[in-house]
Amino acid sequence: MPQLLTVEVLEQVRLITLQRPEALNALNTQLLSELAEQLGIAEADSATRVVVITGSRKAFAAGADINEMAERDLVGILNDPRLAAWQRITAFSKPLVAAVNGYALGGGCELAMHADILIAGSDARFGQPEINLGIMPGAGGTQRLLRAVGKSMAMQMVLTGEPIDARQAQQAGLVSEVTEPELTVERALAIAQRIAAKAPLAVRLAKEALLKAQDTDLASGLRFERHAFTLLAGTQDRAEGIAAFQQKRQPRFTGA
Ligand code: CAA
């Protein structure tokens, strides 16, 4: 049983809530490993279509656990078990929606950027303050942030350590919607439920194709898209989607 997070199964959507309030959900090894494990369970469960991850009103997550980091030397960091957990989180193939309130700093901002869709409460703060500790981001904070907000904003955030607010994050493209803080999770769940009603294989391949756009050249990305599009022609859900449109009824997607 996880101890530092809770999981609620809401039909086809799982809501994972980080629960380490005494440290503002700082991502120690245990919390990160529990999260990776729960995403593994969600991945294997065919009834789960989408996962929403959230924290508390005060903090989504305030970074890696600095006290734990203090105990690791160079060799400790080289052999850091957290890397495997991050890789498992990155590999999650179903849509991941983050509902962010309060602080999303350091590893917390990096975790939010692992999500496919970010919904932020108006009080959210996104930042990479590692520079204040004499270090730099190490879980994607330079690579994903630059791709999300562009060079100038990423440089400013990483080199000054100063966070941006929810509106700036939305203007920069890091966040798709800003809500009242008390509605963030509700909105994220509503988006997740919408996605959960779609054809799972189409959702999965569309996510993969969109992520490819970030790390491949246009010609390769377009080739991948065409292959994925063609593959879907072999699915029952494509036939169902088109038949439902023609018969003027709602489709019933099964994932086949
Ligand atoms: N690690 C460990 N403990 C943390 C923590 C963290 N990242 N962030 C907060 N906490 C703890 C505080 O130590 C404090 O504990 P105590 O009550 O035992 O003193 C508790 O959470 C509450 O925090 P504050 O009293 O500091 O709350 P605040 O409202 O005054 O300030 C804050 C909030 C601005 C987020 C401040 O806590 C802060 O600056 N935290 C550190 C943020 C940070 O530097 N994150 C980056 C970490 S490095 C990293 O993330 C690297 C990586 O991934 C590769």
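All ligand and atom numbering here is 1-based and tracks the order in the structure.
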Heavy-atom proximity to atom 43 (C) of ligand 1, picking from G63, A104, P129, points to P129
Which of the atoms of ligand 1 are close to G107, meaning less than 4.0 Å from one of its heavy atoms? 49 (C), 50 (O), 53 (O)
Going by a strict under-4.0 Å cutoff (protein heavy atoms only), does atom 33 (C) of ligand 1 have a neighbour on the protein? yes
Atom 53 (O) of ligand 1: protein heavy atom closer than 4.0 Å? yes
CG of L31 to CZ of R20: how many Å apart, nearest 0.5 Å? 7.0 Å
Can you see whether T48 engages R14 through a side-chain donor-acceptor pair at a distance of less than 3.5 angstrom? yes
Quick check on atom 39 (O) of ligand 1 - does any protein heavy atom sit closer than 4.0 Å to it? no
Where is the nearest protein heavy atom to atom 10 (N) of ligand 1: which residue, which atom, and how far? A23 O, 3.8 Å
Does some non-hydrogen atom of the protein lie less than 4.0 angstrom from atom 29 (O) of ligand 1? yes
Side chains of E34 and Q38: donor-acceptor distance under 3.5 Å anywhere? no
Is atom 17 (O) of ligand 1 in close reach of the protein, with a heavy atom under 4.0 Å away? no
Does Y103, backbone or side chain, put an N or O under 3.5 Å from an N or O of ligand 1? no
Looking at G138, which atoms of ligand 1 are within less than 4.0 Å of one of its heavy atoms? 54 (C)
Apply side-chain hydrogen bond (donor to acceptor under 3.5 Å, both in side chains) to the pair E43 and S93, showing each step before the final yes or no. CA-CA 7 Å; E43 180 83 52; S93 75; 2.5 Å; yes
Please confirm whether E22 comes under 4.0 Å of ligand 1, counting heavy atoms of the residue only. yes
Counting only non-hydrogen atoms of the protein, does one fall under 4.0 Å from atom 21 (O) of ligand 1? yes
Test log, rule side-chain contact (heavy atoms from CB on, under 4.5 Å), inputs V51 and F92: CA-CA 10 Å; V51 171; F92 185 60; 3.5 Å; yes
To the nearest 0.5 Å, atom CG of L32 lies from atom CG of L27 at 5.5 Å
Does the protein place a non-hydrogen atom closer than 4.0 angstrom to atom 8 (N) of ligand 1? yes
Atoms of ligand 1 under 4.0 Å from any heavy atom of E110, numbered from 1 in the order shown, are 52 (C), 53 (O), 54 (C)
Should K58 be counted as touching ligand 1, given the test is an N or O pair under 3.5 Å? yes
Give a yes or no answer on whether the side chain of E110 reaches the backbone of G141 with a donor-acceptor pair at less than 3.5 Å. yes
Nearest non-hydrogen contact with atom 49 (C) of ligand 1 belongs to which option: A62, A64, P163? A64
Just wondering, more than 12 heavy atoms not from Q247 lying within 6.0 Å of its CD? yes
How close does the nearest protein non-hydrogen atom get to atom 23 (O) of ligand 1, and which residue and atom is it? L24 CD1, 3.6 Å
Under the 3.5 angstrom rule, does the side chain of D165 hit a backbone N or O of R125 as a donor-acceptor pair? no
d(D215 CG, R144 CZ) to nearest 0.5 Å is 9.5 Å
Sidechain N-carboxylate O distance under 4.0 Å for E240, R249: yes
Ignoring hydrogens and geometry, is there a side-chain-to-backbone donor-acceptor pair from N28 to D65 under 3.5 Å? no
Any N/O of I66 closer than 3.5 Å to an N/O of ligand 1? yes
Within the structure, does at least one protein heavy atom fall under 4.0 Å of atom 12 (C) of ligand 1? no
Quick one: look at L27 and ligand 1, take heavy-atom pairs under 4.0 Å, and tell me if it's side chain, backbone, both or neither. neither
